[in-house]
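What you see below is based on every heavy atom in this structure, not just the backbone, and it leaves out hydrogens, waters and symmetry mates. Just follow the structure's listing: the first ligand is 1, and inside any ligand the first atom is 1. It should be emphasised that the depicted structure is a prediction, and the values quoted were computed from it without experimental measurement.
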Amino acid sequence: MGEKWVLMKTAQTPTNIAVIKYWGKRDETLILPVNDSISVTLDPAHLCTTTTVAVSPAFQQDRMWLNGKEISLSGGRYQNCLREIRKRAREVENKEKGIKIEKEDWEKLHLHIASYNNFPTAAGLASSAAGFACLVFALAKLMNVEEDESQLSAIARQGSGSACRSLFGGFVKWIMGKEEDGSDSLAVQLVDEKHWDDLFIIIAVVSSRQKETSSTSGMRESVETSLLLQHRAKEVVPKRTLQMEEAIKNRDFASFAKLTCADSNQFHAVCLDTSPPIFYMNDTSHRIISHVEKWNRSEGSPQVAYTFDAGPNAVLIARDRKAAAQLLKRLLFSFPPNSDADLDSYIIGDKTILKEAG
Ligand code: ADP
Ligand code: DP6
Ligand code: CO
């Protein structure tokens, strides 16, 4: 190995939004959940992370920059991901640059990592999901790791639980697993992105500000104090997951919408059942729910499903393009961006309407 080289890889990974929510861990270090969850992976053009990983003998230590600012890698989650990937690193040869890295060299070589999210970080749009999935994927490419997506998902899971679902497109299930070492807690693809391509997603960015309670500490407090969480994990989610899988397989929108909305509402009920209570949704979020509920009822069958992660932002899933157009018209009328502080922006199909600064 010469001293003057740098080898780089860049990856791009979309975020995912859960329609059956993960909320609660049975193991904090390995990140093992108390229930299965199901998500839909979003269009990478609008919500994705881009991460470049670089290795060079000139680097003195592992370092990482997130959205241009250096962050500490000392947290257990980053260390766990780096360790698990390094363990699986293989020989890499780049003849063009005259570089050969032996398997053992990876233990001594240091990494520089630069990551950007093209959407708000830590605002309840699953930046930790896209972020850790992208980190693990980019490192696996750089180090010539052989593992398939499901095996990589079990590594990304140790960065952030929801990240394990971002290594696949389409609808994805995170199987909670039974093993104590977490080896069977991983993601599988239920159907690919082509299976149900009528669906249209509009995100109402109610606020792009960083949330007060991170998902990690919020769910820890819920596990410690909410009885509803225990009931949800044991009695509700196992049945609901099966029903959701059926709805997705059959492209049954009425059932899909009913389950998605119910699960989002129960997750926020668990937050309210936590002591002290956690409020991720705000008044605008509640008004959006009422609006969609009323509209769905007046149409006789659901046109739109709503779901909110740990933040006030609405992810609206319309049954088709026509329903999406109507939804957008309604939203722009009732919740105009750019008018007051009620709503920031919309992320729609291939367009983003941003609120002007100031
Ligand atoms: P969110 O709802 O956005 O997922 P979380 O509270 O779950 O919010 O996680 C936010 C944290 O995820 C950030 O503070 C940061 O530590 C981590 N994160 C976000 N984006 C990235 C990224 N691109 N690469 C690595 N880590 C990231
Ligand atoms: C509400 O995956 O962000 O978005 O595992 O502690 O990093 P950690 O939490 P995170 O939690 C996501 C919670 C959720 C629901 C979901 O994505 O399933
Ligand atoms: Co998150």
Next on the checklist: Could you check whether Ser334 and Arg287, counting side-chain N and O atoms only, form a donor-acceptor pair closer than 3.5 Å?
Outcome noted: no
Checklist entry - Going by distance alone, is a donor N or O of one side chain under 3.5 Å from an acceptor N or O of the other, for Arg83 and Asn80? => result yes
Next on the checklist: With no hydrogens and no angle check, just 3.5 Å: does a side-chain donor-acceptor pair link Ser222 and Trp23?
Outcome noted: yes
Checklist entry - Contact residues of ligand 2 with a heavy-atom cut-off of under 4.0 Å? => result Ala18, Lys21, Tyr22, Trp23, Lys25, Ile31, Arg77, Ser128, Ser160, Gly161, Ser162, Arg165, Ser215, Thr216, Met219, Phe267, Asp309, Ala310
Checklist entry - Between the side chains of Trp174 and Ser153, is a donor N or O closer than 3.5 angstrom to an acceptor N or O? => result no
Next on the checklist: Looking at Lys322, I'd like to know if its NZ atom is crowded, meaning that more than 12 non-hydrogen atoms belonging to other residues, nucleotides or ligands lie closer than 6.0 Å.
Outcome noted: no
Next on the checklist: So does Val270 get a backbone contact from the side chain of Thr274, meaning a donor-acceptor N/O pair under 3.5 Å?
Outcome noted: yes
Checklist entry - With distance as the sole criterion, is a donor-acceptor pair present between the side chains of Asp148 and Ser150 under 3.5 Å? => result no
Next on the checklist: Restricting to salt bridge (Lys or Arg N to Asp or Glu O under 4.0 Å), what partner residues turn up for Arg63, sequence neighbours left out?
Outcome noted: Glu70
Item to check | Pair Asn16, Thr41: side-chain N/O donor-acceptor within cut-off below 3.5 Å | outcome: no
Checklist outcome for this item: By chain and number, the residues contacting ligand 1 below 4.0 angstrom (heavy atoms only) are Thr49, Met64, Leu66, Tyr78, Ser115, Asn117, Thr121, Ala122, Ala123, Gly124, Leu125, Ala126, Ser127, Ser128, Gly131, Phe132, Lys211, Ser214, Ser215
Checklist entry - How far apart are the C-alpha atoms of Tyr346 and Leu332, what are their side-chain angles, what is the distance that settles it, and do they pass the side chain to side chain contact (heavy atoms under 4.5 Å, CB included) test? => result CA-CA 9 Å; Tyr346 288 106; Leu332 288 173; 3.8 Å; yes
Checklist entry - So Phe132 and Tyr78, would you call those rings parallel, tilted or perpendicular, with 30° and 60° as cut-offs? => result tilted
Next on the checklist: We want to know whether Thr49 and Thr51 form a side-chain donor-acceptor pair, criterion being a heavy-atom distance below 3.5 angstrom.
Outcome noted: no
Checklist entry - Which protein N, O or S atoms sit under 2.8 Å from the Co ion (ligand 3)? => result Ser128 OG
Next on the checklist: Assess, by modelled atom type and distance only, whether the side chains of Asn67 and Thr121 contain a donor and an acceptor separated by less than 3.5 Å.
Outcome noted: yes
